[in-house]
Amino acid sequence: MSEFRSSFNVSRRGFLQGSALLGLSATAGTLIAAPARAQEPVRGGTLRMGLAGGASADTLDPALASASVLFVMAHCWGDTLIESHPETGAALPSLAESWSPSPDAKEWTFKIRQGVSFHDGKPMTVADAVATLRRHADESSQSGALGLLSGIKQIEDRGGDLVIVLEEGNADLPLVLTDYHLQIQPEGGAGNPNAAIGTGPYKLVAFEPGIRATFERNTNDWRDDRGFVDGVEIIVMNDSTARISALSAGQVDFINVVEPKVVPLLSRAPTVEILQSSGKGFYSFLMHCDTAPFDNNDLRMALKYAVDREAILKQVVGGFGTIGNDYPVNANYALAPTDIEQRVYDPEKAAFHFKKSGHDGPILLRTSEAAFPGAVDAAQLFQQSAAKAGITLDVRREPSDGYWSEVWNVQPFCASYWGGRPTQDSRYSTSYVSNAEWNDTRFKRPDFDEMAVRARAELDETKRRALYRDMALMIHNEGGLILPVFNDYVNASTKKLKGFVHDIGNDVSNGRIASRVWLEA
């Protein structure tokens, strides 16, 4: 996943990012600017956030960070080399001012920003960037970004520039470097990775794992367009009722993971604003393509036609999302296909393919509230819609504890959730190429794998778009993914919180909420 899954076992697949394709080169002058603010920011005050996704085992080492609390904290104290545009996902300069690839996209040169200091007063240098990436690319670091950096052959300071040499071409490399684990630290964090010393808008004051963290404004910040509050307090609130109560009582200014079923009630509160953001995460049902009866494509097609996507979007997700089409990318991904016919609920087609499959008898579908909010209800709706096609689904509710280790990626048919990825390449490489660590549909096609390699190195957008369309169509027609809906992120704040940026990269304004918002006096 990455996912970022605050309230439902995010640590299962803990790398997250934002999305989109970049051009051949990028500089501060040529990239799209961030959206203009409707109001002028106000400085001062303390931002208080009640967040799900914290644990007593949390650590300040960004290599080991997972879940929402550490995600937000990392963006308080640190900066990555590259950022992503909140609306398009395109790569934007941060600690790297510009970059350019070789013609085969195997060698990338990054110009590192000058005049930036760490919180301890030491200047940030190219050597620090090199050391940071080398640490995360080292298997002993156990970094959540290790898989993203596995194709790197060499990282070096070459004449004052950061140069990265790859085993094979990757047109998405700058967006790989937006990963939140890759906060640039003094000497790469080798001496003390838990120091939380970076170049970010806030300095860490105190940290109690699983309880709270506090920050103060970095008065020597290299940017003047962020870090508007004087202090930030993050309070771990894993219980949904506790978060809602704290926001309603004015004890916090912002909460994450608002369940759709409580939105109507919460939105009536005069002091509360619901913050709904489009994203790339999706709710799904997964079939193992190599396990009977799901090794029969007619049976897989029957189940794809037997799900009522509209009913799940309306009744389970509360309308906070968009319809899926059985391939894992939506319009928030750059170069996403736009002309694949939408698959709709069709009991007659489902019955046709089911009969053609030759299968007889019930089909076991495992689900749990751990999979995604409303996953049990979604499975029961699926059961009802499939019955109209003559397909009997035996829905089994599994315990939340152990679901991600004993059911997901183990049992052949179950409910699941995936967070977004920065690019189509990382989305497919994570779970659809044959040797992917999390190939949870057991989709294994050498021709698909070959297309993924070609698309990764292709710098021509037209050719790359065509390859991605073919890949999506292959999964749509032959894969084991049933994707009813892409979910929106639903958060809430007090109305005095201003400047919230809806970011397609991920939840909580792609982790950058503390640096972007301000408090109305």
Side-chain angles (χ1 to χ4, degrees), residues 2 4 6 16-20 28 31-45 47-51 53 68-69 71-80 82-94 175 178-180 183 200-202 215 217-218 221-229 232 234 247 252-258 272-281 320-321 330-334 419-420 422 486-520:
S2 124
F4 253 54
S6 312
L16 134 148
Q17 305 138 56
S19 126
L31 284 169
I32 304 170
R37 294 190 175 96
Q39 298 174 278
E40 281 299 312
V42 175
R43 292 194 177 273
L47 172 66
R48 302 161 301 166
M49 296 186 283
L51 301 182
S68 293
V69 170
F71 175 43
V72 173
M73 285 180 60
H75 287 302
C76 284
W77 63 262
D79 285 309
T80 51
I82 313 292
E83 295 182 14
S84 60
H85 192 287
E87 294 178 353
T88 68
L92 295 175
S94 181
L175 284 165
T178 67
D179 183 83
Y180 75 105
Q183 308 295 332
Y202 300 104
F215 295 84
R217 187 166 66 87
N218 175 16
D221 192 4
W222 61 277
R223 292 176 56 170
D224 60 5
D225 62 344
R226 65 178 186 179
F228 303 112
V229 296
V232 177
I234 297 172
L247 181 66
V252 297
D253 305 298
F254 175 90
I255 61 173
N256 66 342
V257 196
V258 177
V272 171
E273 182 174 359
I274 302 297
L275 302 168
Q276 176 185 357
S277 304
S278 177
K280 304 172 185 175
F320 294 104
N330 62 2
N332 287 329
Y333 284 89
F486 286 88
N487 64 292
D488 289 346
Y489 304 118
V490 184
N491 301 306
S493 73
T494 60
K495 290 188 175 178
K496 71 174 184 177
L497 184 143
K498 303 295 181 181
F500 183 84
V501 176
H502 298 277
D503 194 317
I504 65 172
N506 220 299
D507 200 6
V508 201
S509 195
N510 205 9
R512 300 181 186 278
I513 178 173
S515 67
R516 290 170 167 173
V517 302
W518 62 91
L519 299 172
E520 194 173 57

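In plain terms, the two heavy atoms of Asn218 and Gly200 that are nearest each other are ND2-O, 3.0 Å. Taking each heavy atom of Pro86 and Val501 in turn, the nearest pair found is CB-CG1, 3.7 Å. Across all non-hydrogen atoms, the minimal contact from Phe228 to Val517 is CD1-O, 3.6 Å. Gly227 approaches Pro201 most closely through the heavy-atom pair CA-CB, 4.0 Å. Between Cys76 and Val232 the shortest heavy-atom distance is SG-CG1, 4.5 Å. Shown here for Ile234 and Val69, the closest heavy-atom pair between the two residues is CG2-CG1, 4.2 Å.
Remark: Ser68 OG to Ile513 CD1 distance equals 11.0 Å, nearest 0.5 Å. Within the model, atoms CE of Met49 and CD1 of Ile255 stand 12.5 Å from one another, a figure rounded to the nearest 0.5 Å. Considering CG of Leu51 and CZ of Phe71, their distance stands at 11.0 Å, rounded to 0.5 Å.
Residues forming a side-chain hydrogen bond (donor to acceptor under 3.5 Å, both in side chains) with Ser278 (at least two apart in sequence, or on another chain): Asn332. Remark: Phe486 pairs with Phe282 by the ring-ring contact (aromatic ring centres under 6.0 Å, His included) rule, at least two apart or across chains. Under the side-chain hydrogen bond (donor to acceptor under 3.5 Å, both in side chains) criterion, Asp488 pairs with Gln276, sequence neighbours left out.
For the pair Asp79 and Arg223, the salt-bridge criterion is not met [side-chain N within less than 4.0 Å of a carboxylate O].
Put simply, the side chain of Val42 does not reach to within 4.5 Å of the side chain of Lys498, judged on heavy atoms. Inter-residue side-chain proximity for Phe215 and Met73 is flagged as met; some heavy-atom pair is nearer than 4.5 Å. Between Tyr180 and Asn506, every side-chain heavy-atom pair lies at or beyond the 4.5 Å cut-off. A 4.5 Å side-chain heavy-atom check between Leu497 and Leu47 finds at least one atom pair inside the cut-off. Between His75 and Val508 there is no side-chain heavy-atom pair separated by less than 4.5 Å. Between Leu275 and Tyr489 there is no side-chain heavy-atom pair separated by less than 4.5 Å. Taking 4.5 Å as the limit, some side-chain heavy atom of Arg48 sits within range of a side-chain heavy atom of Asp253.
Asp503 pairs in a side chain to side chain donor-acceptor pair (under 3.5 Å) with only one of the listed residues (His85, Arg512, Arg516), which is Arg516.
Although no hydrogens or angles enter the test, the distance criterion places a donor-acceptor pair under 3.5 Å between the side chain of Ser94 and the main chain of Thr80.
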Problem set entry | CA sep, side-chain torsions, deciding dist, call: Tyr202, Asp221, side-chain contact (heavy atoms from CB on, under 4.5 Å) | CA-CA 8 Å; Tyr202 300 104; Asp221 192 4; over 6 Å; no

